[in-house]
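Input: a single structure, listed below in structure tokens.
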Amino acid sequence: MRNFAQYPPDVPVNCSGSIAKQICPQSCSGDLMIVRTRFAPSPTGVLHLGSVRTALFCWLYARHHGGNFILRIEDTDRQRSTDENVEAILEGMAWLGLDWDEGPFYQSRRFDRYQEVVEQWLQDGKAYHCYCSKAETDALREQQMAAGDRVRYDGRCRDLRKPRSGVDPVVRFRNPLEGEVVVNDKVRGTVVFENAQLDDLIIARSDGSPTYNFSVIVDDYDMGITHVIRGDDHLNNTPRQMNMLAALGAEPPEYAHLPMILGADRAKLSKRHGAVDIRDYEEQGYLPAAMLNYLVRLGWSHGDQEIFSVGEMISVFDIADVNQSASSFNPEKLRWINQQHIMAKPAKELGQALLPYLLKAGLDPARGPNPSDVAAAFHERAETLTQMAASARYCYENFTVIEANAAKKNLRPVVLEPLQAVRERLAALPEWTKEGIAAAIEETAASFNLNLGKIGQPIRVAVTGGAVSPPIDVTVWLVGQERTIRRLDHALELIAERAAAND
RNA sequence: GCUCCCUUCGUCUAGUGGUUAGGACGCUGCCCUCUCACGGCGGUAACAGGGGUUCGAAUCCCCUAGGGAGUACCA
């Protein structure tokens with residue numbers, strides 16, 4: 001366990017020049033520090049698309065600059081944080097390959113440190129006890145709302161001399177009353193906030209536990225975070241955090257506030273829009289790299305390029321190319337990108353990736369072709385691995401019925417003879433190779449003066465039970481000799497029955 | 001209510017004062033073709049509105065409208 005009190009560790013946070021230049025593999029000019037980013041999810045929910053995109057940008061930025069990526073679990077709300085959610089976050093990150101250099105750190109284990117700062121601030125007059133009850137502040141809010149005023153705590157306990165007895169006070173930060181806070185955001189530009197608009201926020205609850213805005217700044221400070229990259233729902237928190245950082249005597253980090261990701265209907269992303277939990281996408285057969293590729297293009301672009309490997313993303317990613325407007329999640333494009341990644345993946349690796357999906361589909365890989373051969377045959381015709389496993393079912397398992405329309409259209413008495421002939425040729429093949437199979441089918445077609453389609457499609461239906469499959473030679477090859485012959489025989493019987501019925 | 005942010009094809013985006021406003025997904029036509037895909041060549045469709053500044057605005061400024069976030073003893 002790392003000793004947090006020791007933070008920042010012996011890292012040159014303000015090194016000027018040589019070390020940073022040596023370390024940054026992109027030889028980015030003007031770097032004055034070693035980049036340290038953090039992803040700080042709260043385990044009050046699972047890892048969803050929006051948070052993954054945030055994590056990705058933090059990770060890319062750190063990796064691009066040869067810096068460190070830190071994972072911090074913000075679980076100060078003990079009621080709503082769960083171990084299951086922590087697990088979901090860790091699993092999601094692992095699946096995506098978003099590896100962290102330090103952590104995961106849990107805020108719940110740092111309460112002593114927060115308490116220490118609170119005490120210090122109380123002593124220094126940077127914070128004060130507030131004895132207002134919830135009812136009291138609620139009433140104040142309503143009153144202000146009704147009067148059309150800005151809604152904020154009015155600081156009535158700011159200069160209280162004596163404690164009120166019988167109430168456990170909260171601790172509030174003494175925010176400056178005047179002046180302004182200027183945020184130089186890497187994506188928003190300069191954003192100015194008036195201190196008069198801010199109020200004295202609560203930093204410790206009446207039970208002593210720290211609140212979000214406060215624990216964030218002591219952690220960001222202790223952990224030497226140089227770049228805070230987060231969702232733009234935090235932009236409004238930034239001036240408060242900067243004021244507190246100043247109270248701590250710290251220089252503020254660089255800030256970059258990312259636009260939100262919305263659902264296809266421009267509403268906040270929710271269950272209605274499909275999967276929320278990132279792990280659902282794994283379940284559905286998406287490749288992690290494709291997921292990252294899709295997400296990186298939401299709010300960021302690099303010219304006209306759409307497809308990026310993870311390595312490419314790292315090398316070209318720059319906060320300066322992040323745009324300012326919210327984007328909405330588009331499942332069709334995700335599927336297309338997944339397909340592009342499936343096509344680009346070497347058959348062997350793709351076969352590896354496919355394996356668990358075959359198992360999940362209830363198929364036994366031992367009872368059929370090598371998954372990498374299946375992957376090679378299907379990689380151009382599957383948008384997800386789940387789909388691919390489903391399409392390859394006939395390679396591993398016998399089907400009970402032939403698709404009605406396909407049978408009706410293709411298994412007709414006219415093909416009885418050619419099909420019989422091809423069956424014999426295939427049965428006679430000494431070696432089961434794609435070339436041999438292709439030759440057998442072509443020769444049969446030629447001998448009956450048929451084009452390939454006239455015989456290929458009936459074979460396809462007989463062998464797969466449907467009208468769609470990879471090229472016929474490949475399909476037959478994957479199904480295997482024994483099974484092919486058996487299925488052709490079965491089709492032949494059906495055709496014969498049909499012919500008899502027609503007589 | 002108040003504070004802050006955002007606004008280019010349906011969607012993701014390029015664009016930083018002069019472009020026939022480009023690309024991608026989707027949809028669609030044709031080609032390739034043993035099916036399905038992949039691929040190739042086309043088509044469809046956008047600068048929220050109004051004022052300025054300028055010889056010239058998607059690009060700069062102002063206003064309006066619409067969307068979003070925050071305004072918690074949530075994060």
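All chains are named by letter (A, B, ...) in the order of the sequence lines, taking the proteins before the strands, and each is independently numbered beginning at 1.
Atom CE of M291(A) is separated from atom NE2 of H341(A) by 11.0 Å, given to the nearest 0.5 angstrom.
A21(B) sits 42 Å from C34(B) when the P atoms are compared, rounded to a whole Å. Taking the P atom of each, G49(B) and A57(B) are spaced 15 Å apart, rounded to whole Å. For the C1' atoms, the distance from U20(B) to G26(B) is 24 Å, rounded to whole Å. Nucleotides G1(B) and C47(B) are separated by 29 Å at their P atoms, to the nearest Å. Taking atom C1' in both G67(B) and C25(B), one finds a spacing of 23 Å when rounded to whole Å. A distance of about 39 Å separates the P atoms of A75(B) and A48(B), rounded to the whole Å.
For the pair D199(A) CG and A72(B) C1', the interatomic distance rounds to 11 Å; values are reported in whole Å. In this entry the distance linking CD1 of I89(A) with C1' of A75(B) reads 11 Å, nearest Å. Between I337(A) atom CD1 and G26(B) atom P there is a gap of 10 Å when expressed in whole angstrom units. F214(A) places its CZ atom 18 Å from the C1' atom of A72(B), with the value rounded to the nearest Å. Separating the OH atom of Y212(A) from the P atom of G70(B) is a distance of 11 Å, rounded to the nearest angstrom. Rounded to a whole Å, the CG atom of L47(A) is 18 Å from the P atom of A75(B). As a whole-Å value, the separation of R230(A) CZ from A69(B) P is 17 Å. In this structure, N293(A) atom CG and C25(B) atom P are separated by 13 Å, rounded to whole Å.
Residue-level contact check: N237(A) touches the bases, meaning some heavy atom is under 4.0 Å from a base atom. Residue-level contact check: H257(A) touches neither bases nor backbone, having no heavy atom under 4.0 Å from any strand. If you check every strand for non-hydrogen atoms under 4.0 Å, Q340(A) touches sugar and phosphate atoms only. Within the 4.0 angstrom heavy-atom criterion, base atoms lie near E306(A). C130(A) comes within 4.0 angstrom of no nucleic acid atom, judged by non-hydrogen atoms across all strands. Within 4.0 Å of T76(A), counting heavy atoms only, lie sugar-phosphate atoms of the nucleic acid but no base atom. The residue R141(A) sits close only to the backbone: its heavy atoms come under 4.0 Å of sugar-phosphate atoms, none of a base.
Using a 4.0 Å cut-off, some side-chain N or O of Q339(A) falls inside it from OP1 or OP2 of C38(B).
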Which pairs would a plain distance check flag for residues 473-480 of chain A, meaning a side-chain donor or acceptor within less than 3.5 Å of a matching protein atom at least two apart in sequence or in another chain?
residue: T475(A); atom: OG1; partner: S469(A); partner atom: OG; Å: 2.8
residue: T475(A); atom: OG1; partner: P470(A); partner atom: O; Å: 2.7
residue: T475(A); atom: OG1; partner: P471(A); partner atom: O; Å: 3.0
residue: W477(A); atom: NE1; partner: W432(A); partner atom: O; Å: 3.3

Exercise answer: donor-acceptor pairs, residues 233-246 of chain A side-chain atoms, under 3.5 Å, sequence neighbours excluded:
residue: H234(A); atom: ND1; partner: Y212(A); partner atom: OH; Å: 3.1
residue: H234(A); atom: ND1; partner: N237(A); partner atom: ND2; Å: 3.2
residue: T238(A); atom: OG1; partner: R230(A); partner atom: NH1; Å: 3.1
residue: T238(A); atom: OG1; partner: H234(A); partner atom: O; Å: 3.1
residue: T238(A); atom: OG1; partner: L235(A); partner atom: O; Å: 3.2
residue: T238(A); atom: OG1; partner: H257(A); partner atom: NE2; Å: 3.1
residue: R240(A); atom: NH1; partner: D199(A); partner atom: OD1; Å: 3.2
residue: Q241(A); atom: OE1; partner: R230(A); partner atom: NH2; Å: 2.6

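Annotation: of the two residues near RNA chain B, P169(A) and G303(A), the 5′-most nearest-nucleotide partner is G303(A). Sequence order on RNA chain B of the closest nucleotides to W300(A) and S133(A) puts W300(A) first from the 5' end.
Heavy atoms from other residues, nucleotides or ligands lying under 6.0 Å from CG of D138(A) number more than 12. Atom CD of E424(A) has more than 12 heavy atoms from other residues, nucleotides or ligands within 6.0 Å. Crowding of E417(A) atom CD: a count of heavy atoms from other residues, nucleotides or ligands under 6.0 Å not exceeding 12.
Using modelled atom types, one side-chain atom of R297(A) and one backbone atom of W300(A) make a donor-acceptor pair closer than 3.5 Å.
Side-chain contact between P169(A) and S206(A) is absent, with no heavy atoms from C-beta onward closer than 4.5 Å.
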For F173(A) and Y128(A), what are the C-alpha separation, side-chain angles and deciding distance, and is it a ring-ring contact (aromatic ring centres under 6.0 Å, His included)? CA-CA 7 Å; F173(A) 173 65; Y128(A) 60 90; 9.3 Å; no
Between the protein and nucleotides 31-36 of chain B, list every N/O to N/O distance that falls short of 3.5 Å.
residue: C34(B); atom: O4'; partner: G453(A); partner atom: N; Å: 3.2
residue: C34(B); atom: O2; partner: R460(A); partner atom: NH1; Å: 3.1
residue: C34(B); atom: O2; partner: R460(A); partner atom: NH2; Å: 3.0
residue: C34(B); atom: N3; partner: I472(A); partner atom: N; Å: 3.2
residue: U35(B); atom: O4'; partner: Q457(A); partner atom: OE1; Å: 3.1
residue: U35(B); atom: O2'; partner: A467(A); partner atom: O; Å: 2.9
residue: U35(B); atom: N1; partner: R460(A); partner atom: NH1; Å: 3.2
residue: U35(B); atom: O2; partner: R460(A); partner atom: NE; Å: 3.4
residue: U35(B); atom: O2; partner: S469(A); partner atom: N; Å: 2.8
residue: U35(B); atom: O2; partner: S469(A); partner atom: O; Å: 3.0
residue: U35(B); atom: N3; partner: R460(A); partner atom: NH2; Å: 3.1
residue: U35(B); atom: N3; partner: S469(A); partner atom: O; Å: 2.4
residue: U35(B); atom: O4; partner: P471(A); partner atom: N; Å: 3.1
residue: C36(B); atom: O2; partner: R381(A); partner atom: NH1; Å: 2.7
residue: C36(B); atom: N3; partner: R381(A); partner atom: NH1; Å: 2.5

Identify all pairs in which a protein N or O lies below 3.5 Å from an N or O of nucleotides 57-62 of chain B, and state each distance.
none

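Applying the side-chain hydrogen bond (donor to acceptor under 3.5 Å, both in side chains) rule to pairs touching residues 316-328 of chain A yields R266(A)-S328(A), sequence neighbours excluded. Screening residues 180-200 of chain A for ring-ring contact (aromatic ring centres under 6.0 Å, His included) gives no qualifying pairs among residues at least two apart or on separate chains. Counting only residues at least two apart or in different chains, salt bridge (Lys or Arg N to Asp or Glu O under 4.0 Å) contacts with residues 168-185 of chain A comprise D159(A)-R174(A).
Contacts of Y396(A) classified as side chain to side chain donor-acceptor pair (under 3.5 Å), with partners at least two apart in sequence or in another chain: none. When the ring pair (Phe, Tyr, Trp, His ring centres under 6.0 Å) test is applied to H48(A), no partner is found at least two apart in sequence or on another chain. For E403(A), the side-chain contact (heavy atoms from CB on, under 4.5 Å) partners two or more places apart in sequence, or in a different chain, are A406(A).
Between R110(A) and D222(A), at least one side-chain N (NZ, or NE/NH1/NH2) sits under 4.0 Å from a carboxylate O, which counts as a salt bridge.
Using Watson-Crick or G-U wobble geometry with both donor-acceptor distances under 3.5 Å, C34(B) finds no partner in any strand shown.
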Letter by letter from the 5' end, nucleotides 1-11 of chain B scores (B base, S sugar-phosphate only, - none; protein heavy atoms under 4.0 Å) BSBSSSS---S
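The stretch residues 413-420 of chain A has no heavy atom under 4.0 Å from RNA chain B, so no residue of it qualifies as close.
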